[in-house]
Trainee: 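I have a structure here, written as structure tokens, and I will follow up with some questions on it.
Convention: sequence-line order gives letters A, B, ...; per-chain numbering from 1.
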Protein chains: 2
Amino acid sequence: MIVPQSRKERERESRRKEILASARSVFSEKGYSRATLEEIAQRAEFGKGTLYNYFVGGKEELLFTVIEQMYDEVHTLITDHFESAGADQPMRPVLRALIFKILSYYENHQDTFMILVKEVQRLLINGDEKAAYFIKQRNRLIEALEAPLSQAIQSGQLRPLPPRAVANMFLGNVHGCQMHVFLDQEHGQVDNACRADKNAEFLTTMLLDGLLVSQPVAEESTQ
Amino acid sequence: MIVPQSRKERERESRRKEILASARSVFSEKGYSRATLEEIAQRAEFGKGTLYNYFVGGKEELLFTVIEQMYDEVHTLITDHFESAGADQPMRPVLRALIFKILSYYENHQDTFMILVKEVQRLLINGDEKAAYFIKQRNRLIEALEAPLSQAIQSGQLRPLPPRAVANMFLGNVHGCQMHVFLDQEHGQVDNACRADKNAEFLTTMLLDGLLVSQPVAEESTQ
DNA sequence: TTAGAAAGTGACTGGTCAGTCAGATTTTGA
DNA sequence: TCAAAATCTGACTGACCAGTCACTTTCTAA
């Protein structure tokens, strides 16, 4: 958080960032195991050895740093959104706008999304100490969502379901929707913002109103 | 589909299955790239060379065969369910039961679920010819869901949203819910069936009724 | 019983790549 | 200006492992 002082330090920081950007792009294209340090170094215009001056932990530290960055970015997106929205707002426009922001973020950072899909899920589920760290990171995200959702549930705006589960599902749905965009991409290059907007509308309706057409009078209330 | 005739053929088939089961367990524990043929062979109680008598394509053919099996199993689960339910049933109990079945299946085949999470997503998104094959497999699953959902939409039971997107989201939510179970597994060994049932109820409510508490009279219908 | 076929095997090969380090290059500051 | 420090570099090493194949073991049927 402290701005580096000297020109030297600023330059070092900037080279570090270049390496990270290069790593992000290679990891997103190849996936962790097929990515090579050689290629990361090449794209960043350094020799392989130089990477170790910046990331002593080698390949793994590179991946972890990239993932940490990504989580920070999405976390900021979410907390900023709820901060600027203020408390006790009607949830529909607030959530719709958030969905739109996250979808747009993924559209504009497809590399980030790729790494999330290809690597994070694998890491999350691996059961070792490293997994624990990423579960914590992920939980930070979930909690940033959970708090406002929980409030909305208490104020009676949202249905009384477990807020943590709702937060998980919310994030999972946005994620899943973006995945769907990747897989069904025969829609010849629709404008990104337009597509994100349509998907945000779809998701908002599905999540807030549900699939069932509301029945004013329940015919069969058995079970 | 044809039952092998001779004892010899039956034995060969049974050994093939043992190798596949072993591959499934190793892939689910280690992930594709960290799994070794040596270990697969060991668990199946064969030498490494023998694997090539059964799977000429080596490691990759093993993975692909395993994934194909998994898709077949889930596909059967879905189609059988809708077949036995019959058409024009009320959707709530039908979908709730399906969610329960899929969640239970994943509970009882955690290895399958692991491979889905660790490998399939990575393969789906990779853009090469192999990805295309798995996208087709996945689409078979989606389509098995899409047809009944589409019918329910046309009959006015479900909200008129694009049925394909709904099918995608439906499957994604079941999947996401199971993921959630894995990640928040500090609930000391709750009975599987019970947990699956609770989660099925939660998902059914969230998907069918939505998060928003229905407002008979909208106070502020602005925007 | 046995010869030939079929099935099984694991030491070996070749390729890959993360990580190292001795030396080259650049920067610094006196 | 130049020596020492800092930085960069890529050839090299060792570990790993998929895939091969010459050999062994087991089966079959005459």
Trainee: Mind calculating the distance between CZ (A:Phe46) and P (C:dT25) to the nearest angstrom?
Mentor: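 After rounding, the gap between these two atoms is 18 Å.
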Trainee: Take atom CD of A:Gln42 and atom C1' of D:dT9, then tell me their distance rounded to the nearest Å.
Mentor: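 Taking CD of A:Gln42 and C1' of D:dT9, I get 13 Å after rounding.
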Trainee: In whole Å, what is the span from the CG atom of B:Leu37 to the P atom of D:dC16?
Mentor: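 Roughly 16 Å, once rounded to whole Å.
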Trainee: Measure the acute angle between the ring planes of B:Phe113 and B:His175, then classify it against the limits of 30° and 60° as parallel, tilted or perpendicular.
Mentor: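 If you compare the ring of B:Phe113 with that of B:His175, the planes turn out tilted.
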Trainee: Check DNA chain C against residues 49-60 of chain B and give the residues with a non-hydrogen atom under 4.0 Å, in numerical order.
Mentor: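 Going residue by residue through residues 49-60 of chain B, the ones with a heavy atom under 4.0 Å of DNA chain C turn out to be B:Gly49, B:Thr50, B:Asn53, B:Tyr54.
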Trainee: Applying side chain to side chain donor-acceptor pair (under 3.5 Å), which residue pairs with at least one partner in residues 51-60 of chain B are found, sequence neighbours left out?
Mentor: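 For residues 51-60 of chain B: B:Arg15-B:Tyr54, B:Glu60-B:Lys130.
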Trainee: Output yes when a side-chain donor or acceptor of A:His81 lies under 3.5 Å from a complementary backbone atom of A:Ile99, and no otherwise.
Mentor: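 Checking the backbone N and O of A:Ile99 against the side chain of A:His81, no donor-acceptor pair under 3.5 Å is found.
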Trainee: Once you round it to whole Å, what is the distance between P of C:dA18 and CG of A:Leu62?
Mentor: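 After rounding, the gap between these two atoms is 11 Å.
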Trainee: Within less than 4.0 Å of OP1 or OP2 of D:dT28, is there a side-chain N or O belonging to B:Arg7?
Mentor: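 Result: yes.
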Trainee: So does A:Arg12 get a side-chain nitrogen or oxygen closer than 4.0 Å to the phosphate oxygens (OP1/OP2) of C:dT27?
Mentor: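 For C:dT27, OP1/OP2 do not have a side-chain N/O of A:Arg12 under 4.0 Å.
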Trainee: Can you check the B:Glu9 CD to C:dA6 C1' distance for me, whole Å?
Mentor: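 Distance check: B:Glu9 CD to C:dA6 C1' gives 14 Å.
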Trainee: Can you check the B:Ile40 CD1 to D:dG19 P distance for me, whole Å?
Mentor: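 Roughly 11 Å, once rounded to whole Å.
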Trainee: Quick one: B:Arg34 CZ to C:dA18 P, roughly how many Å, whole number?
Mentor: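 Result: 15 Å.
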Trainee: Taking B:Arg24 as the fixed residue, which of B:Glu68, B:Glu73, B:Glu119 is the one that meets the salt bridge (Lys or Arg N to Asp or Glu O under 4.0 Å) rule?
Mentor: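 Testing B:Arg24 for a salt bridge (Lys or Arg N to Asp or Glu O under 4.0 Å) against B:Glu68, B:Glu73, B:Glu119 leaves exactly one candidate, B:Glu73.
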Trainee: For the residue pair A:Val181 and A:Glu107, establish whether any side-chain heavy-atom pair is separated by less than 4.5 Å.
Mentor: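 Of all side-chain heavy-atom pairs linking A:Glu107 with A:Val181, at least one is under 4.5 Å.
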Trainee: Take atom CD of A:Glu39 and atom P of C:dT16, then tell me their distance rounded to the nearest Å.
Mentor: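 A:Glu39 atom CD is separated from C:dT16 atom P by 14 Å.
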Trainee: Between B:Gln121 and A:Lys118, is there a side-chain heavy-atom distance shorter than 4.5 Å?
Mentor: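 They are not in contact (no side-chain heavy atoms under 4.5 Å apart), so the answer is no.
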Trainee: From C:dA18, D:dT7, C:dG8, pick the nucleotide closest to the side chain of A:Thr36?
Mentor: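 Out of C:dA18, D:dT7, C:dG8, the nucleotide with an atom closest to A:Thr36's side chain is C:dA18.
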Trainee: Which word best sums up how the rings of A:Tyr32 and A:Phe27 line up, parallel for under 30°, tilted for 30 to 60°, or perpendicular for over 60°?
Mentor: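 Tilted: the ring planes of A:Tyr32 and A:Phe27 meet at 30° to 60°.
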Trainee: If you check the A:Lys48 side chain, which of D:dC8, D:dG19, D:dG10 turns out closest?
Mentor: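 Comparing D:dC8, D:dG19, D:dG10 against the side chain of A:Lys48, the answer is D:dG10.
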